Amino acid sequence: MFSRLVFGLGLLSATALVHPALAVDARTLQIIVSKDKQSLAVYDGTEVVATSKVSTGKDGHTTPSGIFSVLEKQKYHESNLYSNAPMPFMQRLTWSGIALHESNSVPRYPASHGCVRMPGAFAKMLYGMTDLSVPVIISDRELVPQPIDHPTLFRPSAMPLLSDVELRPSMPDRLGEPVQVAMNDTAAMPMPAVQPIATHEPEPPSEPISMLITRRTLRETVIDIQTLLNQLGFSAGNPDGLLGPSTVQAIKAFRTLRPTEFAADRSLVSDTLLREVYAAAGRGEPPNGVIMVRQAFKPLFEAPVTIADPGLALGTHFFTLHAVDAKAGTADWFAITLENNLSRETMKRLGITNQESSIITGKPIARSLSRIAIPDETRRKIDALIAPGSTLTISDTGLGRETGEGTDFITITRG
């Protein structure tokens, strides 16, 4: 058990509990900012290792609530939005201007222009604790991560990964280096003498991954249609989720060959089109969910998942992987649920008929996990990638508007 040192930070009455191993194992940390308490807590699993008062955004400049991560760190930064205001020990959360930073005015009530202000000594200490990608949760109410064990969550696999599952890139970005497999033709080559096999522990993944499970949107539907139409010989162009000329022409050509099926369907892209393309490709029923995977702020791949009872909201849940035991095949996950009341317009767009007021009470995390079915091939792929510090977000609302180049998955629950 690690010992704990307690420092009284007299400056601005901030307090901190400092864990001596944090600088070495920073990837297991997560930061939770409570707007109702105007406080910040750093967690290592369920253990609070540092706390401070903060000041979030005042009326008209509200700090958004949601799921973020540290995107950039600068010991000294000046605001691009507010007259070059100094922002020492800045840790950026969005590219649109939200950050954690030091301030000489932290009155413990909302006072900033949207950032999270921290006392100087604490801001400097926190800066030394964190690496890029450390999760930061900003919530309307106080949250505490809880351990969770559920069969839907990922854990290391004892078996080597040998799979031909098709996993598409989640954006038109450069993929990683392909895996090379050496094969011997025993009929053409003499059998070599038996050599001792060197045994060693496999190297665990060193870089954590971030994942998002959400409902499919038009983008994912178009990517599937492009991919399958290409396989069927219709030249739909690069699977990028955009309805460019090649994709539109391929869709029209496919529909022309099936006048009966599309007699009552006037939409270019529709559920009917998706079902017919899936059927033509021999893929069965199309999925209604997707899992996306990023590593080091870059998309790796995405794959379909199925969400049971799609008319019921999933809610917004965030999971962090604290530790992995590859030998035992176990993983220690911690989870929190964020309140995220969807508008009527959003519910209609997503096909949600019941948001269920109890979504943040009882056992909402287990209920949501139990409704998600992940194909075995996809699960094996991800099981081989998880490492301490990996994260998983479950959300109804798809890719957040702040998610983009150079970010993990950002989910805004209240703007």
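Since we're looking at a predicted model, the values are computed, not measured.
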Point to revise | Salt-bridge criterion met for D396 and R215 (N-O under 4.0 Å) | key: yes

Drop me the distance from [X]'s [atom1] to [Y]'s [atom2], to the nearest 0.5 angstrom.
X	Y	atom1	atom2	result
L93	T63	CG	OG1	9.5 Å
L273	R258	CG	CZ	10.0 Å
D332	R155	CG	CZ	10.0 Å
I336	Y43	CD1	OH	9.5 Å
L338	I394	CG	CD1	12.0 Å
I138	I32	CD1	CD1	11.5 Å

**Study point:** Residue pairs fulfilling side-chain hydrogen bond (donor to acceptor under 3.5 Å, both in side chains) with at least one residue in residues 260-269, sequence neighbours excluded
**Key:** D265-S270

[Y] backbone acceptor or donor facing [X] side chain under 3.5 Å:
X	Y	result
R379	T152	yes
D325	A328	yes
T413	S65	yes
S370	A366	yes
N288	I307	yes
E142	D36	no
S343	T346	yes
T247	A236	yes
S39	K53	no
T393	L212	no

If you measure only the distance, is there a donor-acceptor pair under 3.5 Å linking the side chains of [X] and [Y]?
X	Y	value
Q249	S246	no
D44	T28	yes
S96	E402	yes

Hey, does [Y] have a side-chain heavy atom less than 4.5 Å from the side chain of [X]?
X	Y	result
I412	F68	yes
P287	Y278	yes
S105	S55	no
L243	I251	yes
T130	I31	yes
H61	K58	yes
F254	L229	yes
P156	I386	yes

Closest heavy-atom contact between [X] and [Y]?
X	Y	answer
F409	V293	CZ-N, 4.0 Å
S34	R141	OG-C, 3.8 Å
I223	G241	CG1-N, 3.3 Å
I352	P310	CG1-O, 4.3 Å
S133	F297	OG-CE2, 3.2 Å
G120	E102	CA-CG, 3.3 Å

Check your understanding: Under the side-chain hydrogen bond (donor to acceptor under 3.5 Å, both in side chains) test, which residues partner Q38, sequence neighbours left out?
Key -> T56

**Study point:** More than 12 heavy atoms of other groups within 6.0 Å of R255 CZ
**Key:** yes

Point to revise | Geometric cation-pi criterion, K73 with Y127: 6.0 Å, 45° | key: yes

Practice item. Could you check M292 against L399 for side-chain contact (heavy atoms from CB on, under 4.5 Å), going step by step and ending with a plain yes or no? Key: CA-CA 9 Å; M292 305 177 185; L399 287 172; 3.6 Å; yes

Exercise for review: Begin with the C-alpha distance, continue with both residues' side-chain angles, and end with the deciding distance and a verdict on side-chain contact (heavy atoms from CB on, under 4.5 Å) for V305 and T378.
Suggested key: CA-CA 9 Å; V305 301; T378 302; 5.7 Å; no

Check your understanding: Where do I209 and I382 land on the side-chain contact (heavy atoms from CB on, under 4.5 Å) test, with the steps shown first?
Key -> CA-CA 9 Å; I209 59 175; I382 293 174; 4.1 Å; yes

Practice item. Take F234 and V277 through the test side-chain contact (heavy atoms from CB on, under 4.5 Å) and record every step on the way to the result. Key: CA-CA 11 Å; F234 283 91; V277 171; over 6 Å; no

